[in-house]
Student: 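To start, I am sharing the structure in question, which I have written as C-alpha cells.
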Amino acid sequence: ASCFEPQCAAIVQNRDELSVPLDLATIPTAQEFKDAIESLSPEQQDFARAFRAMQLESTLFGVLVIHIKPQMEAVLNLPPDSLTKEIKLT
C-alpha cells in the first residue's frame, strides 16, 4: 500500500498522557513463511498466503503530531499565538 489510512485518532493536549496497549506477535520472515508452507497442499498454501497478507495489512502503527493551535488560528483568521494563554506565576 502506498497510502496511510488511519482507523483511529486521539487529541491530546497540554500534559495529557495517552497509553496505547499493543498486541505484539512475531510474524515469520518471508523465507520462514515460504519454508513453513511448502509441504502444504495448494489450497492450504493459498489460505496461508491470504492469512499472512491479512496479518501484514494490520501491522502498521503510526504516530503523527499536529499542532492544532496554529491551524485553528489560521482558519479563524486570528493573529499568531492569540489562542495561547499565558499565566503569570507569583
Side-chain angles (χ1 to χ4, degrees):
S2 61
C3 182
F4 176 64
E5 298 178 14
Q7 302 296 314
C8 312
I11 296 178
V12 181
Q13 63 181 348
N14 300 331
R15 300 207 183 273
D16 288 353
E17 292 184 13
L18 181 65
S19 177
V20 180
L22 299 176
D23 182 18
L24 303 176
T26 303
I27 297 176
T29 65
Q31 186 61 47
E32 290 172 338
F33 178 75
K34 184 179 175 184
D35 293 342
I37 67 165
E38 69 184 352
S39 64
L40 300 176
S41 71
E43 294 83 10
Q44 290 172 323
Q45 287 183 9
D46 290 343
F47 176 80
R49 285 189 193 100
F51 190 81
R52 179 176 171 81
M54 181 187 65
Q55 285 180 315
L56 293 174
E57 283 178 358
S58 63
T59 58
L60 177 65
F61 178 77
V63 175
L64 173 66
V65 176
I66 301 174
H67 295 278
I68 296 176
K69 282 185 196 174
Q71 303 305 318
M72 289 296 294
E73 290 167 347
V75 168
L76 298 172
N77 293 324
L78 298 172
D81 295 327
S82 62
L83 293 177
T84 302
K85 183 177 180 180
E86 293 185 23
I87 300 172
K88 183 177 181 181
L89 300 175
T90 57

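Source: prediction; values computed, not measured. Numbers here simply count residues along the sequence, with the first being 1. All values below come from the heavy atoms of this structure, side chains included, with hydrogens, waters and symmetry mates left out.
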Student: Filter on salt bridge (charged side-chain N to carboxylate O under 4.0 Å, His left out), then keep only pairs touching residues 33-42, sequence neighbours left out; what's left?
Tutor: none

Student: Checking Gln45 now: which residues fulfil side-chain hydrogen bond (donor to acceptor under 3.5 Å, both in side chains) with it, not counting sequence neighbours?
Tutor: Arg49

Student: CG of Leu83 to CG of Leu78: how many Å apart, nearest 0.5 Å?
Tutor: 5.5 Å

Student: Around atom CG of Leu76, are there more than 12 heavy atoms from other residues, nucleotides or ligands closer than 6.0 Å?
Tutor: yes

Student: Quick check for you: to the nearest 0.5 Å, what is the distance between Ile11 atom CD1 and Leu18 atom CG?
Tutor: 11.5 Å

Student: Sequence neighbours excluded, which residues qualify as side-chain contact (heavy atoms from CB on, under 4.5 Å) partners of Ser41?
Tutor: Glu43, Gln44

Student: Indicate the atoms forming the closest heavy-atom contact of Ala48 with Phe33, along with that distance.
Tutor: O-CZ, 3.4 Å

Student: Of the non-hydrogen atoms in Arg52 and Ile27, which two are nearest, and what is the gap between them?
Tutor: NH1-CG2, 3.4 Å

Student: Are Val12 and Val20 connected, step by step, through hydrophobic side chains (Ile, Leu, Val, Met, Phe, Trp, Tyr) whose heavy atoms are closer than 4.5 Å?
Tutor: yes

